[in-house]
Each structure stands twice: as C-alpha cells, then as structure tokens.
Peer 1: 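First, the structure itself, so that you have it in front of you.
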Amino acid sequence: MSLRLTGARRDQASSEMPPAGPSPVLRVVRSVVVLLAVVAAEFVTSWSQGFVRADVVVLATIVRETRSARLRVLSAIVALASTWFLNGATWGATGCVIIAILVAYAIAWALTPGRADVEALPSRRFARVCARLALIVSVASVLEAGVLTLAGSTTSPDLLALLVSVAVPLCVAALAAGLVAGRVIFDRGAAPYASRLAGAFAALALAGIASQITLQYWAVSERQSLDTAAATVSASLQQAVAADLNSFAARAASVPRTPITAQDAFDKSVRSFLYGNPTISAVALLEGQGGSYRVLYATDRQGSAPEIGNVLGGAVADAPALDAAAATSAIMLLGVRDVPGADATEAPNLVYVSKQAVVDGDPQRFLAVALSIPVSLEQATVSLGSLRQNLALVLTGPATPTNPRGVVLASVVAEGAAPDDAALAKAARSETMFGDIPLDLTVTPGAGFGVPSLVRGLVLGGLLLMGLLGAALVLQAANSRQRASRDRQEREALLEAALDAAAGLVLLVDDDDRVMVTNGGDARSRGEGTQILDALPFTTRGRAGDEVRELIRRGRAGEAVSIEHVDTTSDADLRIHRVSVTPVRARGARLVVQVEDITEDRARSMRSAQAERLRSLGTMAGGLAHDFNNLLFIISGYLQMLRDDDAVAEQERLLRYVDRASDAAERGAEIASSLLSVARSQPLEATAVEVGSFLTRLFPLVDQAVGTDRGAELVLGDGPLDVLVDSGQLSGSVLNLVINARDAMELGGTVTIGVERRTVDDPELDLRPGDYVVVTVVDDGCGMSADTLERAFEPYFSTKGAGHGTGIGLAAVYSFAQQSGGIATITSVRDLGTSVTLYLPAVFARHDESPVPAVDRPPTRRVLVVDDESSLAGLIAGWLTEQGAEVRVAETPTQALRIAQDFTPDVLLTDVRLGDPDGVDGPTLAGQVESLVPGVAVVFMTGFSDRMHDLQAMGMHTLAKPFTKEALGRVVFPLASASARDDGGPR
Amino acid sequence: MTATGSTPPTMLVVDDEPSICELISEVAQSEGYEVSTASCRDDIDRLIELQHDLTVLDLDLGRSGDDDVLRTLAMRQPNARIVFVSGADASTVVDAHRRAATYGLRVVGSCAKPFDLRTFRRVLSRHDHGLPPEFAGSGSSASL
C-alpha cells in the first residue's frame, strides 16, 4: 500500500500517472492490485466491526494518488460491493462505506496543497492536521489489526475499540470543520468567517467527542458491572447448592440412630436438617431396588407431607436415576420439580437423591431432597449487596418444545427494574450447570442502575456547556484576532501613509545595513533588502560615499547626525541632499536614515535672500537719493544765487565756474533720480493697461530699438491681458529689456516678446497665487554667467563697460514689477540667451471705456523722443503710446536724425543735454530735425540747470524734468495737433 | 492774497536742513515775502501756531513729522496754502497731496529737490497772482 501523502502537488507527484502514461498491461495490473487492496481493506474493516478503518486509508490513497476518475469510481463500487458481500446489503453497511469514501476524499483534499493564500489560512492548517490525525489513527488501526492477527487473537480489546470509536468521530468532525471552512473560503473568499466557523465547530465537536467518551466509559463500566453481577450470582448459587448438597451427603451417609419406622420418627430425624438448610424445601425417604421404588415418608418445612413424596422421586421415571444412585452411592440430580411451598404455591426445586446408609441387612433406602431455586437465588443475590437494588435477575431453565425461551425458574427483581426489551438488550447472561441441566441467569439493569441520571445530566450538560463556551471563546478570539489584525493593518496603513507623506526618502536599516522598510513607490520597487548605500538616490561608490559611510558609522555608534551631501558625480545639475541618521532600537532596526533633496530649498532660500537684498538695496537707494537731493539742492541753489548775483554776473570767469559746478550738481541730481527709480515705493501712475494692444502699439518702437541687424517678434497669448500698472514704466521696462537683449546679440539674433495670461501657483515664485499677465523678453544672445545672473537685478551692477549703461535698467525693471504687485525673474544660459519674465497681476478691465479721457484724446500723432537715458525715453514713450501717439525713441542725435528722416515726426521731444561726445545738444538737434522735417514742433525737456528761461524766451516749449504723464500730454498733444493742422499732416 | 498789499505776505519754511531754510527764505524774501524758518521741532511747534500766507513744507521730516505739521496746520490754519518740497521719490509727494486733501488743505505746488530756484519763484508768483496751480507757465510746468 503506497502512502505517498507528502505536500507535493498531485499531478507532479503521481508516479502512477506520469504524463506519458504506462503501458496498458501495466495499467490493468495496477488497477487490479488497487481493487484487491480495496477488497482487503473492506475485509479488515468488516472483520474489526468497523473499528479499523483500513478502507479509509486505502481509498484516501487512491483518491489522492490517481488522476483516473474511472479508477476512483471503480474503487468506490468495489468497496461497496465488498461490504455488501461481507455484511449483507444493509443501510448501515452502505452508510459506513459512503462515510469512508467521503472521509477519504476529505483527507485527500486536505493534504493536497492549494493556493498560497488559502494555505496560509488557519482553517486550512486545521483541516490538514485533522487529516493527518485521521490517517495516523487509521494506519495505526490497520497495523494493530495485523499485529493482533499475527498474535492469534481474534477479538479486539476494549481499549482499541474505545480508541477507534473516539478517533474516527474526532477526525470526521475535524474534517467536516475543514470542509466547511474550505467551502466558505472558496465561495466567499472570506477567511475570517471560515476560521471562525472552523474554530467554533471544532470546539463543539470536541465537546461532542468528550461526551461520547464519557458515555462509552459509562456503557463499558455498566457492562462490566452487569457481567460481574451475573458471574457473582451464578457462583454464589452454585456454592449455595454445593453446600446444601454437602450437608445432604453427610446426612445420607450416616445411619440413623434409631430405625425410621414411622412418619413421626422421620419427621423428627430430618427436622434439624431441614432447619439447618433454609434452601431445602422438602425431604423424602424412599425404599426399593431394581426399578421398583416407593416413598416411605416425606416431610416439608411444615411437617409430614406424604404427597410431596410423589413429587420427590416417586415417579417411575426416576427409577433409572435411583438405580444409578444405588450403584454409585453418589448424589444424583433427579431434575427440576415444582414443589408446593409453605403457602401452597409451587416453586421450582432441584431434586437430588442419594443412597441412605442403613444397618446391614436392612432393605435399600434412598434419601431425596428438594432445593428451592427461588430461595437459593434469593440467597445468592445477597452477595451483590446494594447493587441488587437496581438489578433484575432472572433464572431460566433450559428451553423446552413448549417454552423455547426457557421456563423462568426464579427471579429477583428490584423495585422498578422490571426488564423490558431495551433493558434485555443490555442484559448480561451467565450459565450455570446443575448436573446436566443448564440454568441461565440473566441480569438486567434497572432504572437506577449505573450512573444516576442527575449525574449524567450534569456531566453531559457540563460538557455541552464547555463546548458552547469554547465555541464562544473561539469566536471571540477569532473576532478579537480579526479586530486586532484589522487594527494592526489600519495602523500599518497609517504609518505607511505617514511614511510615504514624509519628505524625501525614509529608510529603516537593520543590523546588516540592509533596508528593512522604506517609503515611496520608487524606493519600494527599488527594493527593501538592498544595501543602504545602494538605496540612496545618489552615487555612493568610491570616495563619493565616504561621507555617508562615516555618517552611518556614527549613527551605529548611537549618534543622531546629519550632513549635507553634495552630489558632484552627477552629470545633471548639482544636487544637494540632506542625509540624517537617527539610531533606533526596535525589532531589529538599527538606524533611520532620512534623505531629503534640499536643492530646491537651497535655491529658494537663495532667491529669497536675493529678493531681500534687492529690497534693502531699494530702501537704501531711496534714503540715499533723498539725502543726496537735499545736499544737491543746497549746492545748486546757492550756485544759482551766485549766478544771479550781480558781482558774479559781471565776471565771465566766475560765471563759467558757477556753470561748471551747476552742471556737476545736475549730473548728481540725475544719479539721485536714477537711484529713486529703483527705490521701493508705491506705483505712481497705475492705469488699466491692456498689455497686448499696448505692446502692439509699442512694437514699432521695439523694432526700431532692436535695430535692422536683429529681428523682433511679439507673440500674444489668449485671454484678457489687462493689468493695472504705470504704462510708462511698463514700456520703459520692456524697452530696457529689449535694449539689453539687443546689446547681448552683437552677432544678430531675435528678440521675442511674449505676453500671455497665466494662472500662477508656484511656491517657488514669491507671488500670491492667482492670474498674472506674463511678459517675457527672450533673446538668443550671449547669455550671462551664473555670477552675473545672481546680481543682475542689483542696482549699479553692470557688465557693460564704463560709459555704457548705468546699471539701473534691470534694477528698475525689477522695482517696477514689484511696485506693480508682481515679480521679475531672469534665467540665462551662457551662449544661448537670456529670458526675463515679468509677472504682473491680471485685472479685469472694462473695455467699453477708453483708457484715455476722450477730451484729451488727439488723433494719432507721431512723436520722436530723444534722451540719452534710455529708460526715461522708454517711460515717456510708454506714456505717449498709452495716450494714442505713435512714438519712436532715440538715444543719440545721430540715431534721432536717422529715425526722423523716415518717421517724419509731428513733435520732437528732446532733452536739452544729450551727452553727445560731438557736443550736439538738444537745440542743435532740433535745428537739424527741423531742416529734415519742416514744421516739426519741438519740446525741450530740461533739468534745473538748463537755461529754460532762455529757451522759453526764444519761444521754445519746455517741459521741466521731472514731469507727470498729464503734464506731458498737455504739452505735447496740442502741439502735435497744431503741427498736423499747419502742415496738413506730415504724411 | 497778493504781494501788492501794504503788508508783505508771510511765509513759513519748514525744513530740517537749516541751509535749505535759509536758501528758500532768501529767494522768498527777494520775492517780497516776510519769512520765518523752522528747522527744529520746537521752532515748528511754536511758529506753526502763527498765521502765514504760505507754508513751504519739506516732506522729509520723517513720517510722523510732516504729517504732524499737516494736521496742526489743518487745525490752526484751515485756509493755509502749502508748497511741498521733497528730496524723496514722487510717491511721497503724491501721498502728501492725498493727505493734505484729506485734511482739507490747499496745496499750491510742489518742487522736487533739487529744483531750479526760478521754478520756485514761478510757483510763488503764480500763487501771488492767484492763478490755479500747474497752469502758471506757458507750456511748462513745475510739477511733481
């Protein structure tokens, strides 16, 4: 019998059914062997009366080891047929075989490995253990049966019967639990329910098994008590009869002292004998020989009773026995006779006869004695003691044709112990031979026999209660285990979520420097269990990792340390990581390593520091300008006083000195003024400006500023592009950026101005989240170095050589963006270009209203603005553009003349002093332009030291710097209109 | 208020820089004004109680300084006329204009330091001729 029930999968483990298949002959032989094994197993099972379930073992093996459904079905049929052949086709035998088949299937199922998740279930493990137990018990039964057969014993001992009768239900119960659990698992996939059910079921099954063991124990002990009682009573009965017969023999052997010649004498002689033996109901004296006998005298316990003599051996039928007694001088049993007792009722008696010793010569005489069976039984039961109270003892004679069950000779029935059929089924029997007459003693248990009902009830009830309690406890335990596991899962999920939410990479490291737990999907997929150094997001090979190795070493030593690791090996941008190590001691974990990429933090704090520096520079510039202006005013004021003084006015030399000093003071004032443009303050002339159309109108100016060698492009995005800014400052900023771009593109290129509306919610920008109109000026020029880029927005920081640029431009742009509630950013890549971006808060403007008061709105006029300070030129251009003028700007007289030729301006707005190296000033330029564009109106912008009065005296229009947008409009537009009217239009 | 009356017009110059006070007062005197100057806190507190036809106020007295003066002026001399002078950026002047308007004071002009003395003279003469501010010059404007 092959018992290959290891954990391997059936299809792989089955050597009987390899994929190729054995030859047909071998298959048939093997099938025959298998079926013979089934028959043998059924024989063993049947022989052991079901206690040795060899059939279970064989069937389980077949079910598990063969894949042939036909062979399985055939085995089942053979098993059933064998049982029927051995035990007859009863329901009980059929049921037993069916149970054996089911148990075999259950065992095979439980021992076949399933899916990994199912294998991990407690109920599955439980079922597996039970299946093994059942197998072990069954195999043990089979072995036991073999040993007993070899030893020659043909009956199973009670212990084995007890063992098997307990073990089989145990296994069936456990398997049922496993099946139920498995069923639930497969049907619903809910493991907790299954394990709960299995546990509770097992607890109840165990209680049932315990009850059964108790009942079995009680049954066995009752059986033993009954057997003992029967044996005891039988022995006592025999002893009592034997004692009486001894006494009888002695009596017969002694010659009567006086010859018995009369009834009286006989009565007298046997009286003491009668009373000494209470079981003796009558004695008689017989005489005769050779088949002819007669009763001389007879006495019962009441006195002489001649009629009894006929009963005691008076019959002719007794003659042979009397002859034998005469011949052997032994006590002979005549038979069982009904002898009338004291109350005239007849009772069965054993009648014995023996030869009476007589004086020689006297005729042959016999003594007959009747032993009352009821009295003997009554006396014999005394030996049972209190047990007698709960038993019914019935003594029956041998069966006769008229009475096949035998005549009841005597009975001792305790109160309420009248035997019924159920009690008779449990009865113990004992046979006692009197002579050649067998008497059957039947001991039947009464109602009060064995364990009292109360005790039974208490014990069984207690067991049931324990079972229920156990089931409840198991349920509760399963519940709490489930709850605990759910709590644990929730806690783990929470911790995992917290870990995942933690900034950067968190790694829990064990003693061997391996990562136990980590956060984040990427890190997880990279693998827990890798070496810590391999799990870090930067290279740690060679010297690059020395720092980190040292850090981990210190962490192991119990220090909580952190470093900032700069990854210099990476090809991409420089990354900075903060690596913190915290020693811990929990579940084998040694260190918590936290890695955070702080590159962005660093960059942000640098940006923030830069913004702060620019702010403080702005504040400082404002304060400086103020003090400077005060001093300049004192200087220039007194210089003017000097100039106006008659004493000075008369001396031309002194006048020249004063003029030089005034010039210097004015230059100082210009510097102070530029300082003020970067000073941080509120926006001055904020109006709603639609940046798209504004820049479209300004674009020719941009195009002109960029020059012919380079291209300019304006890209307008969708959406309303309204902002609330100082239009002059906007145009000034854009022009400034364009001019910077132009200067960066010495070899040509394109400046692109992009405008779009964008929703900004970028924590890296120092901006309130919201909608912004974003103006970007991009060039593909030479770009900036990182150092330059960092300081680009600082005032007085310029890379242009001395005399080129003031270093105020970008600072003013930055200041403008900030004053407008936005921000300016700059990015640049060396040799690729620079991009400056202005974020201006978007507003919603009503476009049905004209941005310029209708009264002041003139028809489009052309204005040429000339100022060596490009940002101022841009500012003025912006204001004019906003008010509807078409504007060009020029920084030098040469440029101005070139533009004027093509542009034919209506108005020339020029600074008086143009800082031209050739000494061309405003009035000179005006003259040249007038010659090119006849009828052009000229407005001079003047500082305090210029001879405004002289110019005014010459009939020139002047505009004192600084001036407002309104003042500009009031001066320029009437002139532009007049000029246009005078000439009938310049075009 | 005219310069042609028998009594000369009076002017208070408030500036923490004594030199500036002196400069302005010289110009104003040449224009026929009777000038008092105040460059320290005590002088300001004392002189501001007196009636003046015109007050020239430096806006750089410090944040509370010029505001105190404006408030006191508004209380003592609600009809006072004011000329602002300032060395700070234009927004300071705009802000001062706004505050003066809030207090009901009349600002007749403002000059950004350093300014041309003739510009200042024009502001004064414009004031003298009772012209509305900012329309004094032909095609030119002393302004913010």
Side-chain angles (χ1 to χ4, degrees), chain A residues 621-623 625-641 643-644 662 665-666 668-669 672-673 675-685 819 939-940 942-949 951-952 955-964 966-968 970-971 974-975, chain B residues 13 15-31 39 56 58-63 66 85-98 109-123 125 132-144:
Chain A
H626 159 243
D627 290 345
F628 214 62
N629 278 339
N630 267 350
L631 296 177
L632 281 175
F633 178 52
I634 293 166
I635 295 167
S636 65
Y638 281 107
L639 284 174
Q640 285 182 52
M641 298 291 273
R643 188 192 169 89
D644 293 348
S662 289
E666 182 162 356
S673 158
L675 268 177
L676 281 176
S677 74
V678 300
R680 192 175 151 73
S681 60
Q682 297 302 309
L684 185 58
E685 300 272 349
Q819 284 172 21
V939 179
F940 291 107
T942 65
F944 60 83
S945 65
D946 297 317
R947 286 171 297 180
M948 190 168 68
H949 278 284
L951 292 166
Q952 281 178 342
M956 296 297 172
H957 300 288
T958 59
L959 202 51
K961 279 197 213 173
F963 46 81
T964 63
E966 285 71 27
L968 174 72
R970 274 198 305 272
V971 173
L975 291 175
Chain B
V13 181
D15 197 315
D16 52 355
E17 192 68 62
S19 304
I20 293 178
C21 287
E22 196 185 325
L23 181 60
I24 291 177
S25 94
E26 267 196 53
V27 176
Q29 276 167 1
S30 71
E31 292 292 314
S39 52
V56 176
D58 179 28
L59 287 176
D60 312 319
L61 293 170
R63 265 183 206 293
D66 51 28
V85 289
S86 169
D89 63 343
S91 68
T92 313
V93 186
V94 173
D95 187 46
H97 268 272
R98 207 173 293 135
S110 54
C111 299
K113 286 193 268 187
F115 51 82
D116 192 333
L117 293 179
R118 280 166 292 193
T119 308
F120 185 66
R121 284 202 177 95
R122 236 178 8 258
V123 171
S125 64
E134 303 199 32
F135 276 95
S138 67
S140 74
S141 165
S143 65
L144 296 182

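Quick note on labels: first sequence line is chain A, next is B, and so on, each numbered from 1. Model, not experiment: these values are computed from the prediction.
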Peer 1: Taking all heavy atoms of B:Arg118 and all of A:Gln640, pick out the closest pair and write down the distance.
Peer 2: N-OE1, 4.0 Å

Peer 1: Rounded to the nearest 0.5 Å, what separates atom CG in B:Leu117 from atom CZ in A:Phe633?
Peer 2: 5.5 Å

Peer 1: For the CD atom of B:Glu22 and the OH atom of A:Tyr638, what is their distance to the nearest 0.5 Å?
Peer 2: 3.5 Å

Peer 1: Look up atom NZ in B:Lys113 and atom CG in A:Leu632, then write down how far apart they are to the nearest 0.5 Å.
Peer 2: 11.0 Å

Peer 1: Quick one: closest heavy-atom pair of B:Ser19 and A:Ile634, and the distance?
Peer 2: CB-CD1, 3.7 Å

Peer 1: Let me know if A:Asp627 has heavy atoms under 4.5 Å from chain B in its side chain, its backbone, both or neither.
Peer 2: neither

Peer 1: If you round to the nearest 0.5 Å, how far is CZ of B:Arg121 from CG of A:Asp644?
Peer 2: 5.5 Å

Peer 1: Looking at CG of B:Leu23 and OG of A:Ser636, how far apart are the two atoms once the value is rounded to the nearest 0.5 Å?
Peer 2: 7.5 Å

